[in-house]
Each structure stands twice: as structure tokens, then as C-alpha cells.
2 protein chains.
Amino acid sequence: MTPERFDSIKDIPLFAKITDESFEHLTRGAFVQNFPSNVEIITEGDTADFLHIVQSGCVELFSTWSNRETTMTTLYENSTFILAATMKDRVNLMSARTLQKSRIIMIPSENVRSVFQSDPHFAVAIVDELSRCYRATIRNMKNLKLRTSIERLANYLLKQYRRRGNTLAFRLPIEKRRLASYLGMTPENLSRAFTNLKPYGVVVDGQNITIADLDKLIEFAIPDDLID
Amino acid sequence: MTPERFDSIKDIPLFAKITDESFEHLTRGAFVQNFPSNVEIITEGDTADFLHIVQSGCVELFSTWSNRETTMTTLYENSTFILAATMKDRVNLMSARTLQKSRIIMIPSENVRSVFQSDPHFAVAIVDELSRCYRATIRNMKNLKLRTSIERLANYLLKQYRRRGNTLAFRLPIEKRRLASYLGMTPENLSRAFTNLKPYGVVVDGQNITIADLDKLIEFAIPDDLID
DNA sequence: CATCTGGCTTGATAAATATCAATCAGCGAA
DNA sequence: TTCGCTGATTGATATTTATCAAGCCAGATG
């Protein structure tokens with residue numbers, strides 16, 4: 001008897017191909033928790049006792065040092081986090097907080113490690129997910145080191161456009177101040193960056209963005225398959 | 001009969017615990033190649049047909065975009081690279097060039113993937129290595145986003161000090177212009193950053209660095225277990 | 001309905017970082 | 001040895017980005 005409340009995780013590539021036995025083993029001791037918005041659910045430096053999965057809602061991974069804070073990435077439904085720390089049984093390098101009311105599945109790290117050993121399909125999926133996260137981070141770092149803040153914003157907008165199936169008008173998925181932190185700038189400079197993109201056909205109305213001249217924006221942003 | 005020329009890779013954690021059979025399988029079709037200094041051995045965008053291992057020498061991973069270039073990391077002997085792209089059978093996100101005369105072992109990606117399936121010990125080692133690389137990249141990104149260039153340099157020097165078993169005088173392992181790129185600044189600003197660290201007891205003579213006042217440097221740099 | 005609040009924007013200024021130009025130092029080749 | 005090259009340094013300047021200080025605005029709250 002598999003607990004149905006975990007069934008949704010089978011939609012996630014990481015768990016798609018595992019056997020019923022592995023699934024049963026994984027979810028033993030696992031639980032689902034509802035969090036309100038703006039709650040810190042993981043603190044960097046703590047040990048990674050659970051692999052986390054965003055079932056619904058939105059979670060921000062962030063880090064702090066010496067009174068400064070930066071957003072590392074933002075996760076939406078069906079994303080996993082803390083996988084690397086889980087596999088190595090190490091402390092988390094990032095903190096996590098909810099940005100909306102969120103449902104989080106938590107699977108004991110020990111279960112993940114032991115099913116990794118017993119189920120080759122799951123092992124492949126783990127490596128796939130780890131590689132994916134690693135490569136996403138490399139892209140992120142290239143973006144940060146090779147582009148100016150305005151270029152990063154331009155490419156961020158183009159990525160949103162693509163992710164929504166080439167929609168020219170969309171809503172920013174997160175607050176601007178968090179987007180600023182993710183893109184490595186201050187909220188003030190994000191405002192000015194938007195102003196700078198006006199000549200390239202970017203129209204901003206609160207959280208609503210319209211790309212009025214796609215070609216012009218692309219010409220400015222120079223998106224790249226190896227970064228974006 | 002295992003080809004002895006590959007024996008040294010057994011010193012690398014990734015290959016330490018594998019069976020003779022796996023080893024034989026892995027090294028079938030593998031080869032060792034000697035490169036002079038300053039040769040591009042991998043170009044970003046190319047498919048990852050081989051897992052690479054630095055047997056001796058030094059390799060820089062770098063990326064380019066729109067006529068700009070940045071050093072992502074520098075690898076020394078017994079490091080592997082292109083592991084994530086190898087496992088996912090994807091294109092490389094970074095280029096690689098030798099910084100010294102180097103010996104590189106190249107193992108066909110297909111072999112790596114198939115031994116991953118057949119040898120659970122190797123599978124664990126792969127996940128360990130991937131997690132390690134991923135976490136190192138996260139640390140790198142935190143360093144870049146949370147610290148100023150002078151703070152990054154200060155912490156880089158402290159890391160060198162630690163890596164050499166707490167030696168206060170050492171030689172920079174790479175040219176300053178490459179260090180500058182790795183730390184996300186221009187060579188000119190690296191020079192000025194060194195000057196800025198003089199009051200904290202950092203003495204520079206060409207590639208030779210001496211930390212004359214460790215406590216003062218630590219007080220300025222605020223090294224952090226979750227970054228450095 | 002008025003008020004309050006937090007996030008956003010804008011302008012002025014400061015700090016950090018890059019660029020450009022010139023010079024210097026070390027090193028290998030002729 | 002001298003020449004020529006490359007990388008490092010330094011100064012002057014420009015650009016980028018951050019900080020500080022108002023003010024604005026929409027949504028939540030009483």
C-alpha cells in the first residue's frame with residue numbers, strides 16, 4: 001500500500017521509473033508539510049536530513065555572509081532541492097524559504113541513499129538530476145561573470161518568454177527585489193535596468209512585462225544555448 | 001591484463017574502489033595524451049565523448065560569450081572534468097586548455113556510463129564526484145555574489161595558505177591574469193587589490209606571496225566554512 | 001473610507017570596477 | 001649580451017554599480 005499523498009512525486013523525472021518496492025522504501029518515514037509564505041524551512045550549515053521536493057508553491061534558495069544576502073535560485077513545483085548534501089551526508093550550503101504558501105515533501109536522506117544502492121533506475125535518475133543542477137549552476141555562473149546586469153535582465157526576460165511557450169506578455173513570477181538579488185544587483189539598479197531596456201521594446205507595468213520588439217531585444221541580449 | 005599506464009587513476013577517489021573487471025572495461029578504448037602548455041583540448045559546445053582526467057600538469061576550464069572570456073576553475077593532477085556532460089551525453093558548457101605541459105587520460109563516455117550501470121561502487125563514486133563538483137561551484141558562486149573583489153582575493157590567499165598545510169609563504173599556482181579572471185576582475189584591479197591588502201600584512205614579490213600577519217588577514221577576510 | 005505599510009522608483013552621490021595608455025620587469029631567442 | 005615579447009604595474013579617466021534619501025503607489029488593515 002503506497003501512501004497516495006506522495007503519488008504526485010511520480011511525475012518528477014527523479015522518481016518516474018522507480019519500482020513500487022523502491023517507492024515504498026523511499027516514502028517510509030517521509031512526510032508532507034504545508035508552509036505559509038515567507039518561512040525559512042532550511043538554514044545553511046544544518047545537516048541535510050531530508051531530501052525536499054516542492055509539491056506546490058515556490059521556494060527560494062539563498063545564502064548569506066557577513067550581513068549580506070543573495071538569492072541563488074528559485075524553485076517551483078516538482079523541483080527537488082538539497083540533493084547533493086543529501087547524497088554526501090553533508091551540511092547544506094544554502095538556506096531555503098517559501099515565497100508562497102507551499103507544500104513540501106520531505107524524504108529521509110537515508111532512504112534516498114539506500115534506494116540509490118538498491119535500484120539502478122533510481123541511481124541513474126539521481127545522477128541525471130545532479131548533473132542537471134550542476135550544469136544549471138555553471139550556466140548561472142557564466143551569466144554572472146560574462147554579462148553586465150542589463151544584459152542579464154534582457155536574457156532573463158527572453159528566458160521567461162521562451163518558458164511560457166513564446167508568450168510576449170507575461171507576469172514576473174517573483175517580486176522585483178528578489179529578481180534583482182538573483183540577477184546580482186540591487187532593486188534600485190533593476191529599476192534602472194528596466195528603463196535601459198525601454199529602447200529595445202520592453203514595456204513594464206508593475207509585474208507585467210510586454211516584449212514589444214522581440215528581434216530588437218534578442219539583438220541586444222545575444223542569448224546563447226550554452227548559457228540560457 | 002590491465003594497461004599499467006592507466007594505473008595512476010586508481011589513486012583518484014572516483015576509481016579507487018572499482019573492480020578489476022570494471023577497470024578493464026573502463027580503460028578499453030581509453031588513451032593517454034601529452035599536451036604542451038596553452039593548448040585548447042576541449043571547446044564548449046562540442047559533445048563530451050570522453051571523460052578527462054588530469055594525470056599531471058594543470059588545466060583551466062573557461063567560458064566565452066560575445067568576445068569576453070572568464071576562467072571558471074583551474075584543475076591540477078588527479079582531477080576529473082566533463083563528468084556531468086559525460087553522464088548526460090550532452091555538450092560541454094566549458095572549454096579547457098592546458099596551462100602547463102600536461103598528461104591527460106581520456107576515457108570514452110560510453111564506458112563510463114555503462115560501468116556506472118554495472119558497478120554499484122563506481123556509481124556511488126560518480127555521485128560523490130558530481131556532488132563535490134556541484135557543491136564547489138555553489139561555493140564559488142556565493143564567493144562571487146557575496147564578496148567584493150578584495151575580499152575574494154583575501155580569502156583566496158587564505159585558502160592557498162590552508163591547502164599547503166598552513167604555510168605562510170607560497171607561490172601563486174597560476175599567472176596573475178588568470179587568477180584575476182577566476183576571481184572575476186581585471187588584471188589591473190588584481191594589482192590594486194594586492195596593494196589594498198598590504199595593510200593586512202600581505203607581501204607580494206612577483207608570484208611569491210607572504211602572509212606577514214595571519215590574524216589581521218583573517219579578521220579582514222572573514223573566511224567561512226560554507227564558502228571556502 | 002482613511003490609513004498604513006512595504007515594495008518600487010527616481011535623483012543625487014559615492015564607491016567599486018573597468019578601460020586606456022604608458023612604463024616596467026623578466027625571460028627566452030637570436 | 002641585446003632585442004623583443006609578454007605579463008605586471010601604475011596613473012588617469014570612464015563606466016558600472018551601490019548607497020542614501022525622498023517620494024510614490026497599490027494592496028492590506030482598521
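Lettering follows sequence order; numbering is per chain, from 1. Quick caveat, the model's predicted, so the values are computed rather than measured.
For residues 48-67 of chain B, the set of pairs meeting the salt bridge (Lys or Arg N to Asp or Glu O under 4.0 Å) definition, not counting sequence neighbours, comprises B:Glu60-B:Arg97, B:Glu60-B:Arg178. Judged as a salt bridge (Lys or Arg N to Asp or Glu O under 4.0 Å), the pairs with a partner in residues 142-156 of chain B (not counting sequence neighbours) are, in order, A:Glu44-B:Lys142, A:Arg68-B:Glu151, B:Arg147-B:Asp228. Sequence neighbours left out, the pairs with a member in residues 157-170 of chain A that pass side-chain hydrogen bond (donor to acceptor under 3.5 Å, both in side chains) are A:Tyr156-A:Gln160, A:Gln160-A:Arg164. For the side-chain hydrogen bond (donor to acceptor under 3.5 Å, both in side chains) condition, the pairs that include at least one residue of residues 196-210 of chain A, sequence neighbours left out, are A:Arg171-A:Asn208.
Checking A:Leu214, A:Ile222, A:Leu153 one by one against A:Leu158, the side chain to side chain contact (heavy atoms under 4.5 Å, CB included) holds for a single residue, A:Leu214.
With sequence neighbours excluded, no residue forms a side chain to side chain donor-acceptor pair (under 3.5 Å) with B:Asp46. Applying the side chain to side chain donor-acceptor pair (under 3.5 Å) test to A:Arg192 and every residue at least two apart in sequence or in another chain returns A:Asn189. By the side chain to side chain donor-acceptor pair (under 3.5 Å) test, B:Lys176 pairs with no residue at all, sequence neighbours left out. Looking at residues two or more places apart in sequence or on another chain, you find no salt bridge (Lys or Arg N to Asp or Glu O under 4.0 Å) involving B:Asp11. Partners of A:Ser181 under the side chain to side chain donor-acceptor pair (under 3.5 Å) rule, at least two apart in sequence or in another chain, are A:Thr71.
When rounded to the nearest whole Å, the span between CD of A:Gln207 and P of D:dA26 equals 13 Å. The distance between atom CZ of B:Arg171 and atom P of D:dA8, rounded to the nearest whole Å, is 12 Å. The CG atom of B:Leu172 sits 10 Å away from the P atom of D:dA8 (whole-angstrom rounding). For B:Lys145 and C:dA16, the NZ to P distance is 20 Å, given to the nearest whole Å. Atom pair A:Asp205:CG and D:dC25:C1' shows a separation of 12 Å (rounding to whole Å applied). Atoms CZ (B:Arg68) and P (C:dT17) sit 17 Å apart, rounded to a whole Å. The CG atom of B:Leu183 sits 13 Å away from the P atom of D:dA8 (whole-angstrom rounding).
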Problem set entry | Contact letters for nucleotides 9-22 of chain D, in which S counts primed atoms plus P, OP1 and OP2 and B counts the base, heavy atoms under 4.0 Å | SBBB----SBBB--
For this session: Go along nucleotides 23-30 of chain C 5' to 3' and tag each nucleotide: B for a protein heavy atom under 4.0 Å from its base, S when only backbone or sugar atoms are that close, - otherwise.
Result: --------
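Remark: side-chain polar atoms of A:Thr98 are paired, donor with acceptor, to backbone N or O of A:Asn38 under 3.5 angstrom.
Axis angle, first five pairs versus last five pairs of the helix from C:dC1-D:dG30 to C:dA30-D:dT1: 30°, rounded to 10°.
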